[in-house]
Amino acid sequence: MPKRIVDWLDLRLGIRDILEQNLTKYLLPRNINIWYTLGAVLLTLFALQFATGILLLIYYQPSPQEAFSSVQRIMNEIPYGWLLRNLHAVGSNLIVAVLLLHMLSALFMGSYKRPRELTWVSGFLLLNLSLGLCLTGYLLPWSQLSFWATTIATDAAGAIPLLGADLVGFLRGGTAVGEDTLGRFFALHVMGFPLLFGLLVAFHLFCVRRTGVSKPPFGPDYTPPKEHDRFHHEHHPGGIPFFPHYMAKEAGVISFFLALLVAITFFAPGLFIPPTANIPADPFVTPPGIKPEWYFLWAYQVLKIFPSELMGLAVQVVAMTLLALLPFIDRSPERRPARRPLFVALFICGIAIFVGLSIWGYFS
Ligand code: HEM
C-alpha cells in the first residue's frame, strides 16, 4: 500500500528524484569530520526548543501579577511541567554552547571564506538573534533574577551618547523595567524573533546547499579549490552519500547532545537556574551579586574594566563588527590551519580572552 501511494505521488511530483538528489546521490567529502554535524545538532535542539516553548505557552501568563505564579504552577502542579520548563531553560544554554562551537569550527577550518561569505553573515545574524531570544526569555519568569538582570542589560544602552536615554526608554517601554517591558519582550520572544529566525535559518541552509559543503582542509591530498568568477557548486565526486552514511554519523552526535541535555535537566538543572530565579521580582529590593548568563559575562566584564561604559560598549561593537565582516577582511583563499599561523594565533588568543573575561566576570 505505501508503495502504491509513493508511486502515485512520484508520477505527479517526481519525489523519488528529489529524494535521490538530496539524500542518496548527494555526496559529501570523504574526510568530512564530526564538526560538520553541529549544524544538524542545532536544528534538532531548536526544534525541541520550539516544541517545549509552545507547550509552556499554554500555561504561562505574561503579566507582572501572574507571570511568576504561572511559572510556579507549571513547575509544581502541571503534569511534567517541571520537565518542559527545565528542558527549555537548559536547552537554551546548550544551544548557545553548540552555536559557539559551530562558529569556532567554521573559523578554524576557514569555511567562512569565499564563496561562503553569505553563509557566514547569515550564521552571525542567527547567533545574535539566538542571544536576543535568550535575553527576552530570561525576563519572562518575572523573578528577582529576571528583573534585575534585565535592568542591568537595558541600562548598558544608556551609555550611548545622545540616543542612550531614548534607547533605554524604547527597550523598556518606560523609565524602569515593568509591565510594558514584559509585554514587548514576550511579543519578541514568542513571535517576532522566532519568525525572523525561521527565515534566516532557511536562508542559511539555502546558502549551504547552493555552494555545497566545503572540503575539510586537512590531509595530504587536500588542495585549495579553484577560485571561480561565476557561480560554482562544490561537488565531491567519490564522496560519501548524505543518506544513510552521513546521517548515521549525525544521528550519533545528536544523540550525544540530547543525552547531555537530559542528564543536566534531570541531575543538575540548578547549574543554569540559580536561587534568585525562585524569588518573585521586587523592584524595591536589589539582590546582591546579580550576574548575567555565562555567555554574556565577557560583555559584562568589558563594561566594568574600562573607565567609562561608553568605551566598554565601543570595544564590544568593534569586536562584533570585525567578527561579522571577517570574510571580507581575511580574503586569502588558504584554509589549512597549518598555513595560517597568524590567524590560528589570533584564534587561540580570542578564545583565551573570552574565557578569561568570563571567569573574571563570574568572580568579580
Ligand atoms: C541557528 C543557528 C544555526 C543553524 C541551525 C546552522 C545550521 C547549519 C548547517 C545544517 C550547516 C551545514 C553542516 C555544517 O557544516 O554544520 C551549516 C554550515 C555553516 N554554518 Fe551554520 N548554523 C547556525 C548558525 C551558524 C553561526 C552562528 C555561524 C557563524 C557565525 C554559522 C556558519 C556556518 C558556516 C560558515 C557554514 C558552512 C560550513 C561549510 O560548508 O564548511 N552557522 N550551518
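What you see below is based on every heavy atom in this structure, not just the backbone, and it leaves out hydrogens, waters and symmetry mates. Remember, it's 1-based here, ligands and their atoms both numbered in the order they're listed.
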Legend entry - Heavy-atom nearest neighbour in the protein, as seen from atom 40 (O) of ligand 1, with distance rounded to 0.1 Å: Ser214 N, 3.1 Å
Legend entry - Region of Arg116 engaging ligand 1 - heavy atom pairs below 4.0 Å: side chain
Legend entry - Top protein contact for atom 34 (C) of ligand 1, by heavy-atom distance: Thr119 CG2, 3.7 Å
Inset, instruction - Evaluate the ring planes of Phe50 and Phe197, with Trp represented by its six-membered ring, and classify them as parallel (under 30°), tilted (30 to 60°) or perpendicular (over 60°). - result: tilted
Inset, instruction - For atom 11 (C) of ligand 1, find the nearest protein heavy atom and state the residue, atom name and distance (0.1 Å precision). - result: Val208 CG2, 4.0 Å
Legend entry - Which residue and heavy atom of the protein sit nearest atom 4 (C) of ligand 1, plus the separation: Leu42 CD1, 3.9 Å
Legend entry - Polar side-chain atom of His189 near backbone of Leu133 as donor-acceptor pair, under 3.5 Å: yes
Legend entry - Ring centres under 6.0 angstrom apart (Phe147, Trp142): yes
Legend entry - For atom 28 (C) of ligand 1, the protein heavy atom that lies nearest, with its residue and separation: Gly123 CA, 3.5 Å
Legend entry - Numbering as shown, the atoms of ligand 1 that approach Val213 to under 4.0 Å (heavy-atom distance): 40 (O)
Inset, instruction - Would you mind running through ligand 1 and noting each atom that sits below 4.0 Å from a heavy atom of Phe46? - result: 1 (C)
Legend entry - Closest protein heavy atom (residue, atom, distance) for atom 25 (C) of ligand 1: His102 CD2, 3.2 Å
Legend entry - N/O separation below 3.5 Å, Leu205 to ligand 1: no
Inset, instruction - Determine, for Trp120 and Arg116, whether the Lys NZ or Arg CZ falls below 6.0 Å from the six-membered ring centre while staying within 45 degrees of the axis. - result: no
Legend entry - atom 2 (C) of ligand 1 - nearest protein heavy atom and its distance: Leu99 CD2, 3.6 Å
Inset, instruction - Would you check whether Thr37 has a nitrogen or oxygen atom less than 3.5 angstrom from a nitrogen or oxygen atom of ligand 1? - result: no
Inset, instruction - Do me a favour and list the nearest non-hydrogen protein atom to atom 14 (C) of ligand 1 with residue, atom name and distance? - result: Tyr36 O, 3.0 Å
Legend entry - Separation between CZ of Arg30 and NE2 of His236, rounded to the nearest 0.5 Å: 12.5 Å
Legend entry - Cation over ring face, Arg209 and Phe206, 6.0 Å, 45°: no
